[in-house]
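A, B, ... follow the sequence lines: proteins, then strands. Residue 1 opens every chain.
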Protein chains: 2
Amino acid sequence: MSDLAAALDIVGARWALLVVEQMLDEPKRYGDLQRDLGVPTNILATRLRELEVAGVLVRLPLRHNTRAYALTERGRALREAIIALGNWGAEEA
Amino acid sequence: MSDLAAALDIVGARWALLVVEQMLDEPKRYGDLQRDLGVPTNILATRLRELEVAGVLVRLPLRHNTRAYALTERGRALREAIIALGNWGAEEA
DNA sequence: ACGTTCCACTTGCATTTTGCAAGTATCTCT
DNA sequence: AGAGATACTTGCAAAATGCAAGTGGAACGT
């Protein structure tokens, strides 16, 4: 399996990279991600679980019964790839 | 829609980026892509059609009844993003 | 202490996408 | 005309995705 295939195995699923992008600047809560992305709630829950298992993000317990999702070092390492893809998407066809 | 979402709208489907990666160095034929990637043939046909419509690649008629698929300028512009993602995939967890 | 509210999910089911295997079309060469 | 090679298409099963409603637990007000 190529390096690219290995990467896509982790962040290639629908919504995965968009979720990571949201957290690049600061940790986000579940509701924030849902509102900002418009992602179906069951999919969001699934992605967060997968990305946590993959070591891309961690759950931070917050006060009340809320938690924040924050990128790990490995998650933050996606910044360059996300920016590169974003630049490409911004260019006109 | 964010720039990243726009990009994923085009190359976010399964196999799409892997197909583009294969053509970064040189044009490829249908059978080559199928063998090298192990992608289901109907999916490959669908992706090639989508990527052609999106202006990422073009069909080049070859002799016999074969054709080659080659990246356009827009397709080649994906190189940086693909390399960035590949690098990330190559790093250990 | 009890009900209400908020937040983070889960669950059930329809729709869409993906995958597998087999079949079709066209060209070339003999 | 027949055979082989290449590029697909087609039919159907499996898996992923999406939608809407429901669940569970902690905090807050009374």
- Item | DNA chain D contacts made by residues 16-26 of chain A, counting heavy atoms under 4.0 Å | none
- Message: Is it the case that the side chain of A:Arg74 and the backbone of A:Ala54 share a donor-acceptor pair, with hydrogens and angles ignored and the cut-off at 3.5 Å?
- Response: no
- Message: With salt bridge (charged side-chain N to carboxylate O under 4.0 Å, His left out) as the criterion, how do B:Arg29 and B:Asp36 come out once you've worked through the C-alpha distance, each side chain's angles and the decisive distance to 0.1 Å?
- Response: CA-CA 11 Å; B:Arg29 287 175 307 159; B:Asp36 295 346; over 6 Å; no
- Item | Heavy-atom side-chain contact between B:Asp3 and A:Trp88 under 4.5 Å | no
- Task: Say whether B:Ile10 and B:Val58 are linked into one hydrophobic cluster, either directly or through other cluster members, by side-chain heavy-atom distances under 4.5 angstrom.
- Result: no
- Message: Given B:Met23, which partner from the list B:Leu78, B:Val56, B:Asp32, B:Leu57 fulfils the side-chain contact (heavy atoms from CB on, under 4.5 Å) test?
- Response: B:Leu57
- Could you state whether B:Ile83 and B:Val19 fall into the same hydrophobic cluster, counting links through intermediate Ile, Leu, Val, Met, Phe, Trp or Tyr residues with side-chain heavy atoms under 4.5 angstrom apart? no
What pairs of nitrogen or oxygen atoms, one from the protein and one from nucleotides 25-28 of chain D, lie under 3.5 Å apart?
{"unit_1": "D:dG25", "atom_1": "N2", "unit_2": "A:Asn65", "atom_2": "ND2", "d": "2.8"}

- Query: Does B:Arg67 reach the side chain of B:Leu60, with side-chain heavy atoms less than 4.5 Å apart?
  - Reply: no
Output one line per pair: protein atom, nucleotide atom from nucleotides 9-12 of chain C, and distance, for all N/O pairs under 3.5 Å.
{"unit_1": "C:dC9", "atom_1": "OP1", "unit_2": "A:Arg59", "atom_2": "NH1", "d": "3.1"}
{"unit_1": "C:dC9", "atom_1": "OP2", "unit_2": "A:Tyr69", "atom_2": "OH", "d": "2.2"}
{"unit_1": "C:dT10", "atom_1": "OP2", "unit_2": "A:Arg49", "atom_2": "NH2", "d": "3.0"}

- Task: Rounded off to whole Å, could you give me the CG-to-C1' distance for the A:Leu57 and C:dA8 pair?
- Result: 15 Å
- Query: Would you say the side-chain atoms of B:Arg49 pair up with the backbone N or O of B:Leu44, donor to acceptor, closer than 3.5 Å?
  - Reply: no
- Compute the angle between the rotation axes at the two ends of the helix from C:dA1-D:dT30 to C:dT30-D:dA1, each taken over five pairs, rounded to 10 degrees. 10°
Using a cutoff of under 3.5 Å, can you pull out all pairs of nitrogen or oxygen atoms linking the protein to nucleotides 13-15 of chain D, with atom names and distances?
none

- Message: Could you work out, with salt bridge (charged side-chain N to carboxylate O under 4.0 Å, His left out) as the rule, every residue matching B:Glu52, not counting sequence neighbours?
- Response: B:Arg59
- Query: Reckon B:Trp15 has a side-chain N or O less than 4.0 Å from the OP1 or OP2 of C:dT17?
  - Reply: no
- Message: If only side-chain N and O atoms count, and only distance matters, is there a donor-acceptor pair under 3.5 Å linking B:Thr66 with B:Tyr30?
- Response: no
